[in-house]
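Notes for the one structure printed next.
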Amino acid sequence: KLNRSEVFNMGSNIPDGAKAFKAFCVANNLSAKKIAEDCGVPIGTVYSYFQGTRTPGRKNMKVLSEKYGLNVYDLFINK
């Protein structure tokens, strides 16, 4: 599990939205496993969100927004 300072030092090639999403999860004690369960996706998909290689689809953005109050537009769309 990463702490907050490690989140923002994950590498310059990781998009800011992915870093902010990971930071949000750390700050709110949300594990990748919990997010995967809530979104109905494999845990590897959530790790891809953290790395910035994938972004949540419309259905999962809605889950993240409604369940966790996450502003997915700012993180994943308005890059």
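All values below were derived from every heavy atom in this structure, side-chain atoms included, with hydrogens, water molecules and symmetry-related copies excluded.
- Partner of Val46 under the side-chain contact (heavy atoms from CB on, under 4.5 Å) criterion, out of Ile35, Leu30, Asn60: Ile35 alone.
- Taking both residues in full, the closest heavy atoms of Arg54 and Thr45 are given as NH1-OG1, 3.5 Å, listed atom of the first, atom of the second, then distance.
- Scanning for ring-ring contact (aromatic ring centres under 6.0 Å, His included) contacts around Tyr49 gives an empty result, with sequence neighbours left out.
- For the pair Phe21 and Val26, the minimum side-chain heavy-atom distance is 4.5 Å or more.
- Note: Lys22 NZ to Gln51 CD = 9.0 Å, rounded to the nearest 0.5 Å.
- For the side chain to side chain donor-acceptor pair (under 3.5 Å) test, residues two or more places apart in sequence or in another chain that qualify with Asp38 are Lys34, Tyr68.
- Cys39 and Leu64 get closest at one heavy-atom pair: SG-CD2, 4.2 Å.
- The shortest side-chain heavy-atom distance between Ser65 and Leu70 does not fall under the 4.5 Å cut-off.
- At a threshold of 4.5 Å between side-chain heavy atoms, the hydrophobic network of Ile, Leu, Val, Met, Phe, Trp and Tyr places Val63 and Phe24 in two separate groups.
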